[in-house]
Amino acid sequence: MECNRHARASLIWLATVGSLFAQPPVPPEGTLPPVEVRPAEPTIAIEPPPADGPIDFGTELSFPSLSEQVLGGSTLDPGGLNSAFRGEKSLFDQSNLSTIVDSQLLREKMSADMFRAIQYEVGVLVQATGRGQASVFLHGVTGQQVLVLVDGIRMNNTVLRAGPNQYFNTVDPGQVERIEVIRGAGSVLYGSDAIGGVINIVTRGADPYRADYSAGSFRQYLSSADSASYSRANIEGWVGDSGLFAGGSYMNVNDVDIGGGLGRQPATNYRQNAGDIKYNRLIGDNQMLTFAFQHFEQQDLPRSDRFAPFVFNRPGNTLRPTFFDPQQRDLAYIRWQGITDGDNPLYDVFSLTTSYSLTKEGTTELRSPTRTDVGEFENHVFGFTMALARNMTDQGLGVFTYGADYYYEDIDAFRTTDNPTNAAPPVPIAPQYPDDSLADRAGVFAQWDVTLTQRLNAVVGVRYENSNLSGTPIFTVGGVPTATFFDRTYQDWVASCGLTYSVTDQINLVGGYYEGYRAPTTDDLTANNTFLQNNQQSPVLEALAVQPEQSRTYEIGAKYNGDRLRLQIMEWWLFIDDFITRVPQATNPNNFLLGNRDAYLNGTELAGEYLLDCNYSLYGNFAYTFGRQDNNDFTGQVPVSRIPPTQGVIGARWRASDLRTYVDAYTWLVNRQDRYNPVNLTDSRFYVNRDAATPGFGTLNLRCGTTFGECGNHRLSLNLENITDKFYRVLGSGVDGTGFNALLGYEFVQ
């Protein structure tokens, strides 16, 4: 029995190392588990470690089950209203395929950037146009079609670029408590952009449920393939009614060794620094105020695909060295949240958030020996979010969650061109975005989580959203720069229904219908990119006539949550009407602009782990994605651009029950991809050989680590990646994969 006890504690997902909170007991027929509210005394106490005991490095349970991993399980989010689900729901009961990357797995990965933090998750492909950049694919789409949140606040904005971009990587993993990933449209809860899925990055804060305490930590990661160094220091504590968490980091990255004996890829070096602070104050027993500020900045960040493509070269490729400096993201917010005494007829738990975020990007483009373009834009975003939940399980009506959100954006931008061979002053030219650009979006939503029968649960929702855009882009029309003012309004209703049927205590059948929506952005309509630069009137008018995307996702799957086997499997179908993509100009097929086409995607996703014996397990995941869209001339169909290849992970691990030691060996397998969209053939990020395909590959990897010291407050980790030094490139990336890489990590917790 002792072995079985340890076995149950050892079972884990590769992709879903869990949260700290257990699922409530199964309710009687006609009721739902109540919305969990946390008064001054916690539902589950997290006691500070004894003075002579080991330090808890991030999880209470070493290997939680699917029922113990809860979306919305953060200690600083009563009721989970700022989670990816806008409530609390276990992975076992959630109708989508969802995963959680918690702080334990973040440390095991030695995540110095968000690319590494989310890499290898089931159904996730991460592309990088350059080192220090990351764009996550969910359900075969990325960029503007995957919604990223930080503490429930939108990171997506009207200047977020399509395709692989760097913005997901503008978060310091050292401040992250957990990452919640829901695959499938989430537009009902969060509005535009959530077509492929929702990623919510939950940041750390002081623990209000510990007795008065103070603590500090330091971590250092060293990487051999790029001679990189990442350093992060934190302080935290709680005294009386107040708690504080603060930290800062610095990372320096050099050119990466890409493996296969090919040496280092140029233009893959950069620097970054980050800092954050979060202050929490309890108001009475049931309410809390949060003040938070985050700053992240990268310097001298090359866009690697615009330098010599190194191995992936092709005749006629035009080089245009480009640097981002700074690449900056700031976020400040004030949040008031809490629970009521039960007498309020409108809500039991509430959260009100007002936020300000800044995206600042400076760009230097060396277009020719006699031309250098320098530009910068700042996007100021002001937001307000209200979410409330009412628990009506006593009346057999389940949990009703509703709210509203509003975001307003104002862009400042400039660009100049200079001839470095003479002394003439720089000449102003059209900026990347119009300097007078304005945007706003407002939405209201409602979600009902109700148990229809003793075995069947439904989560249904509806949302209305309206967005407005205006600006005066300058296009070249007939050889003459022409200011073209526009003012656009988009609106839509979306709905969803997710079902969970409990076959047994260990088996759930799941499925659903989810609508998605994406309004065109300032980037869609006005970005001064190469594919919009031509001397024709029609592309200008067509670019400004792009219509919103509307999607329908159908899902069906099963989840198994046994003592030895944990399994999630899902089949999904995604239909996108008016899919916004690059299409050739009718009068000149060599010029591309944005237009609307219909698209269809389908995929299979599987993730699971099997416990062999005490603390030993086998795990793996698998994802297949297919996609096609209408041909540019509507005469047929072509592949959707950047469809992820079939991929998977297979591994074996051993974890001590107290988490002091672990060993994890795994292989990452990626299939060949030859389904290219025609536009990919002109993109230097795609490998164009005689077969027009990106080769498949496999890497062998090992992670291990242990804690030591009298109090267990020292931790030493070693990761060996791509042990066979395989050369590879992730489909559509501008930087080649890392060759053999040894990562050494040290962490001290006081």
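Looking only at atom types and distance, the side chain of Glu177 has no donor-acceptor partner in the side chain of Ser103 under 3.5 Å away. A donor-acceptor contact under 3.5 angstrom links the side chains of Gln220 and Ser229, judged on distance only. Residues Asp172 and Tyr230 have side chains that bring a donor and an acceptor to within less than 3.5 angstrom of each other. When only modelled atom types and interatomic distance are considered, Ser249 and Arg219 share no side-chain donor-acceptor pair under 3.5 Å. Under the 3.5 Å distance criterion, with hydrogens and angles disregarded, a donor-acceptor pair is assigned to the side chains of Thr393 and Asn391. With hydrogens and angles left out, the side-chain atoms of Ser657 and Asn615 include a donor and acceptor closer than 3.5 Å. Judged purely by distance below 3.5 Å, without hydrogens or angles, the side chains of Gln127 and Ser733 never pair a donor atom with an acceptor atom. With hydrogens and angles left out, the side-chain atoms of Asn508 and Thr500 include no donor and acceptor closer than 3.5 Å.
Considering all non-hydrogen atoms of both residues, Met570 and Val510 come closest at CE-CG2, 3.6 Å. Here the shortest heavy-atom pairing between Asn722 and Asn701 reads N-OD1, 2.9 Å. Contact detail for Tyr213 and Ala206: the closest heavy-atom pair is OH-CA, 3.6 Å. For the residue pair Tyr619 and Ala652, the shortest heavy atom distance occurs at CE2-N, 3.8 Å. Here the closest heavy-atom approach between residue Ile182 and residue Ser98 is recorded as CG1-OG, 3.6 Å. In plain terms, the two heavy atoms of Ala458 and Leu452 that are nearest each other are CB-CD1, 3.8 Å.
At distances below 3.5 Å, not a single donor-acceptor pair connects side-chain atoms of Arg729 with backbone N or O atoms of Gly737. At least one donor-acceptor pair under 3.5 Å links the side chain of Ser502 to the backbone N or O of Thr504. Checked by atom type and distance alone, the side chain of Asn169 never pairs as donor or acceptor with a backbone atom of Ala134 at under 3.5 Å. Although no hydrogens or angles enter the test, the distance criterion places no donor-acceptor pair under 3.5 Å between the side chain of Lys559 and the main chain of Leu66. Side-chain atoms of Asn82 never come within 3.5 Å of backbone atoms of Asp151 as a donor-acceptor pair (strictly under, hydrogens ignored). Distance alone, capped at 3.5 Å, is enough to place a donor-acceptor pair between the Thr142 side chain and the Val136 backbone. Listed for the Thr667 side chain is a donor-acceptor partner under 3.5 Å among the backbone atoms of Thr699. No donor-acceptor pair under 3.5 Å is formed between the side chain of Asn671 and the backbone N or O of Gln647. Remark: side-chain polar atoms of Asn457 are paired, donor with acceptor, to backbone N or O of Val450 under 3.5 angstrom. Panel note: side chain Glu180, backbone Gly72; a donor-acceptor pair is recorded below 3.5 Å.
Put simply, the side chain of Thr625 reaches to within 4.5 Å of the side chain of Trp572, judged on heavy atoms. Within the 4.5 Å cutoff, the side chain of Lys278 has no heavy atoms near those of the Glu236 side chain. Here the side chains of Ile199 and Ile118 are in contact, with some heavy-atom distance below 4.5 Å. Using a 4.5 Å heavy-atom cutoff, the side chains of Leu743 and Tyr221 are not in contact. Contact of the Arg232 side chain with the Gln175 side chain is registered, since non-hydrogen atoms from C-beta on lie closer than 4.5 Å. Inter-residue side-chain proximity for Ile556 and Trp573 is flagged as met; some heavy-atom pair is nearer than 4.5 Å. By the 4.5 Å heavy-atom criterion applied to side chains, Phe245 and Asp276 are counted as neighbours. Side-chain contact between Leu138 and Val124 is present, with heavy atoms from C-beta onward closer than 4.5 Å.
With sequence neighbours left out, the side-chain contact (heavy atoms from CB on, under 4.5 Å) criterion links Ala233 to Phe218. Looking at residues two or more places apart in sequence or on another chain, you find a side-chain contact (heavy atoms from CB on, under 4.5 Å) between Gln119 and Phe115, Trp668.
A distance of 11.0 Å separates CG of Asp257 from CG of Asp736, quoted to the nearest 0.5 Å. Note that OG1 of Thr707 and CZ of Arg660 are 4.0 Å apart. Values are rounded to the nearest 0.5 Å. Atom-to-atom distance recorded for Leu718:CG and Leu702:CG is 7.0 Å, nearest 0.5 angstrom. Thr401 contributes atom OG1, which lies 7.5 Å from atom CG of Asp449 (distance to the nearest 0.5 angstrom). Arg183 CZ to Leu97 CG: the interatomic distance, rounded to the nearest 0.5 Å, is 5.5 Å. Between the CZ atom of Phe92 and the OH atom of Tyr560 there is a distance of 9.5 Å, given to the nearest 0.5 Å.
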- Message: Could you walk me through whether Ser223 and Asn741 satisfy the side-chain hydrogen bond (donor to acceptor under 3.5 Å, both in side chains) test, starting with their C-alpha distance in whole Å, then the side-chain angles of each, then the deciding distance to 0.1 Å, before giving a yes or no?
- Response: CA-CA 7 Å; Ser223 173; Asn741 189 24; 2.9 Å; yes

- Message: Using the rule given for side chain to side chain contact (heavy atoms under 4.5 Å, CB included), can you reason through Arg566 versus Ser65, listing the C-alpha separation, both sets of side-chain angles and the distance that settles it, and then say yes or no?
- Response: CA-CA 7 Å; Arg566 310 287 164 79; Ser65 71; 2.9 Å; yes

- Verdict with supporting geometry, Leu76 and Thr290, side chain to side chain contact (heavy atoms under 4.5 Å, CB included): CA-CA 9 Å; Leu76 297 178; Thr290 300; 5.8 Å; no

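Applying the salt bridge (charged side-chain N to carboxylate O under 4.0 Å, His left out) test to residues at least two apart or on different chains, the pairs with a partner in residues 717-728 are Arg116-Glu721.
When the options Arg703, Arg653, Arg655 are evaluated for a salt bridge (Lys or Arg N to Asp or Glu O under 4.0 Å) with Glu108, the one that passes is Arg655. Checking Val101, Val171, Val181 one by one against Ile201, the side-chain contact (heavy atoms from CB on, under 4.5 Å) holds for a single residue, Val171.
Atom CD1 of Ile650 has 12 or fewer heavy atoms from other residues, nucleotides or ligands within 6.0 Å.
Relative orientation of the Tyr120 and Tyr666 rings is perpendicular, given thresholds of 30° and 60° on the angle between their planes.
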